[in-house]
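See structure below.
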Amino acid sequence: MAAAELGLDAGFIPALHKPSALLPIAKHRDALLYTVETHPVTIVVGQTGSGKSTQIPQFLEKAGWCADGKVIAITQPRRVAATTVAIRVAEEFGCELGKEVGFSIRFEDVTSEATRIKFLTDGLLIREALVDPLLSRYSVIMIDEAHERSISSDILLGLLKKIRRKRPELRIIISSATLQAEEFLRFFSESTEEAKSADTVKSDEKQDAPVGAIVSLEGRTYPIDILYTEKPAEDYLEKAISTVFDIHTSEPKGDILVFLTGRDEIEKAVEAVSERSAQLPAGSEAILPLPLYAGLPTEKQMYVFDEAPANFRKVIFSTNIAEASVTIDGIVYVVDCGYVKLRAYNPQTGIETLTATPVSKASAAQRAGRAGRTKAGKCFRLYTEEAYLALPDANPPEIQRSNLAPFILQLKALGIDNVLRFDFLTPPPAELMTRALELLYALGALDDYAKLTKPLGLRMAELAVEPMMAKTLLSAPSFGCLGEMLTIAAMTSLGGSIWVQGDAGKEEAESARRKFAADEGDHLTLLNVYQAFVTKGRKEARFCHDNLINFKAMTRAMSIRAQLRRWLERFGITEDDSSSVAQAGAGAGVNKAEQIRRCLTTGYFAHAARMQPDGSFRNVSGTTVLHAHPSSLMFNRKADWVIFHEIMESGEKTFIRDITKIEKNWLVEYAPAFYSTM
DNA sequence: GAGCACTGC
């Protein structure tokens, strides 16, 4: 029926999204379905804008892959992606979100009996495997953005390879944006030792049929001119700023996106640009510099999406967040400093570092691609072409530079006892494995044969907190402080976002914090903040504002706490109705705070340190100098022995965060094997 | 006496 017959011609409503028939992927529909039909594994290579995440699940559903009540799962490395893609697909599919099309992320399960296409985070799918090891409710599992090599998606690939042998009918789709397609295909084609023995049993499976195939989809992007510097930049920050002005004065209209490495640089750049833009000739277009980084309050992050006012050119100075997590329309020019801050983990010291590292070719390509989303663009790389050619193809995957303890625990709980022989796409270094196994053993999660202990180890695996905190929580009932420990676990898992680093002066922020300070340290301080919030903050709108507390973070702490409590209830561990520390200190249970500190020691004994006369700390072996992070109460207080939640090296110094005073003899009492020589 | 790229259960 023509639109005119319906009388719609008077006022057209612009389409929210491109009709799917216009997406390049539509041309590949039949080829794609045929490959999925005939191969257990399909590698889809498509750039951003190819529509793979939204279209492939719908093609599959229409082709009958959801018969018999089976479900198609699509995993995403980020929560936002899982929700936004689900919303879009539900719209295109013409259903209410949570019916045929739904999503599931931690704390939010928007699915139902009717759900056939389900978007979820990769970490959550691993958790589902704990309950349903063969992921038997899914007919097709698509791992989206697999090229990002998140630790969870890497582990999922290993699990799926294993599951595939027991479920030959399962279809696996790996979506990859870059040159890594062959590597994924090789991974699924190679048989492991374990698989070889399984294949001899299953001789009916055709040995010579290819396991997988690669399907390429073209993206819908515009050409981008790549420009390099003639000589290496001495100071890329300065070079970035001058490049912005060069673009502004000599290039046509269009917003600029500048990739830098961190908050410091970004704030400096924003300041420098606003100062220098005053010197622009009168009457010329002005520059509007905007910062973008994860630590920025959400409202301020939103400014980057607003259109610049008339006669302004928008310049966004961003961290890596704009490389994949956040997409800004209207960017025509990209300036790439060539560096990214990467997290690394030193298995010898157990210390995480965050260091600026040259980007990979894959990252550089992704950054440049941000310029060509709406029309032809330009990318200014602040390094020479020679330097570009010397860059690695990709950064080392996360699994090779992380603390593996939480993942080893999960694999063990999935029945994979020999984690050293688990089929990793890229095996982690042996020292990382050893370190993780040693920690899990010291915590009592593994026995002398490296088998998961029951119930302790199994329960630790099922709790969605780090192993050290899981152990602490499971010890809490015997110290009579489960209620408090649940709160502390929820609060520490927020990772520093409790205080709003508003425009208010530092002193003001300090004094706000001091109101909740507990002599024993940061953990009890966090407990005080939470308890004040649940008694006052939820009722009084001004509470958070007056105390510079992040309301959203506190709400999140409440749901994390509730989730942890429910998990423990499933183990038959219920919260005691113990009184708050404040009350305890004032009255009957004077030792409550001590019980909490003791309980923390049962999980965090490996994170112990002793204060030196100069106020710095040393680790137990005395080999490393540690500093209380400026956000810690212990930053300017006296202490002797302490335990801490987190350790991180940044710049020249190694900082510890969330610190609580303990007694030295508790270390030997709760971790005799670990501290036998003390 | 001074600061953390980005995810996630």
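Residue numbers start from 1 in every chain, and the chains themselves are labelled A, B, ... in the order their sequence lines are given, proteins ahead of strands. Bear in mind the structure is a predicted one, so any value in this text is a computation, not a measurement. Side chains included, hydrogens not; waters and symmetry mates left out as well; all remaining heavy atoms used.
- Distance A:Ile151 CD1 to B:dA5 P: 21 Å, rounded to the nearest Å.
- In this structure, A:Ile105 atom CD1 and B:dT7 atom P are separated by 13 Å, rounded to whole Å.
- The listed nucleotides are B:dG8, B:dA5, B:dG3; the one nearest the side chain of A:Phe655 is B:dG3.
- Nucleic acid contact for A:Leu342: none, since no nucleic acid atom lies under 4.0 Å from a heavy atom of the residue.
- Residue A:Phe635 has its side chain nearest to B:dA2 when only B:dT7, B:dC9, B:dA2 are considered.
- The side chain of A:Thr121 places no N or O atom within less than 4.0 Å of a non-bridging phosphate oxygen (OP1 or OP2) of B:dT7.
- Sorted by first and then second residue, the salt bridge (charged side-chain N to carboxylate O under 4.0 Å, His left out) pairs involving residues 648-661 of chain A (not counting sequence neighbours) are A:Glu646-A:Arg657.
- When distances are taken from the side chain of A:Arg78 to each of B:dC6, B:dG1, B:dT7, the shortest belongs to B:dT7.
- Annotation: of the two residues near DNA chain B, A:Leu354 and A:Gln410, the 5′-most nearest-nucleotide partner is A:Leu354.
- Among the heavy atoms of the strands, none lies under 4.0 Å from A:Ile126.
- The side chain of A:Glu398 approaches B:dT7 more closely than any other nucleotide in the set B:dT7, B:dC4, B:dC9.
- Judged as a side-chain contact (heavy atoms from CB on, under 4.5 Å), and not counting sequence neighbours, the contacts of A:Glu265 are A:Tyr236, A:Leu237, A:Leu260, A:Thr261.
- Within 4.0 Å of A:Thr319, counting heavy atoms only, lie sugar-phosphate atoms of the nucleic acid but no base atom.
- Summarising the geometry, the separation between CD1 on A:Ile143 and P on B:dG8 is reported as 16 Å, rounded to the nearest angstrom.
- In this structure, the CG atom of A:Leu404 is 19 Å from the P atom of B:dC9, given to the nearest Å.
- Put simply, the side chain of A:Asp522 gets close to the backbone of A:Ile659: a donor and an acceptor are under 3.5 Å apart.
- Note: CD (A:Glu649) to C1' (B:dC4) measures 13 Å, nearest angstrom.
- Note: CE (A:Met611) to P (B:dG1) measures 12 Å, nearest angstrom.
- At B:dG3, none of the side-chain N or O atoms of A:Arg657 fall inside 4.0 Å of OP1 or OP2 (strictly under the cut-off).
- Distances from the side chain of A:Arg343 to the nucleotides B:dG3, B:dC6, B:dC9 place B:dC6 closest.
- The closest donor-acceptor contact from the side chain of A:Ser475 to the backbone of A:Lys471 lies under 3.5 Å.
- Rounded to whole Å, the distance from CG on A:Leu125 to P on B:dG8 is 15 Å.
- Side-chain atoms of A:Leu124 lie closest to B:dC9 of the nucleotides B:dC9, B:dT7, B:dA2.
- If you check every strand for non-hydrogen atoms under 4.0 Å, A:Asn320 touches nothing.
- If you check B:dC4, B:dG8, B:dC9 against the side chain of A:Met648, the one that comes closest is B:dC4.
- Going from atom CG of A:Leu494 over to atom C1' of B:dC6 covers 17 Å, rounded to whole Å.
- For A:Lys653, taking side-chain heavy atoms from C-beta onward, the closest of the listed nucleotides B:dT7, B:dA2, B:dG3 is B:dA2.
- For A:Arg127, taking side-chain heavy atoms from C-beta onward, the closest of the listed nucleotides B:dC6, B:dG8, B:dC9 is B:dC9.
- Heavy atoms of A:Glu646 sit under 4.0 angstrom from at least one base atom.
- Between A:Lys341 and the phosphate of B:dC4, there is no side-chain N or O to OP1/OP2 separation shorter than 4.0 Å.
- A:Arg79 places a side-chain N or O within 3.5 Å of a backbone atom of A:Arg106 that can act as its donor or acceptor partner.
- Mapped onto DNA chain B by nearest heavy atom, A:Arg401 and A:Trp567 fall at different nucleotides, with A:Arg401 at the one closer to the 5' end.
- With A:Thr357 contributing its side chain and A:Thr355 its backbone, the two residues share a donor-acceptor pair below 3.5 Å.
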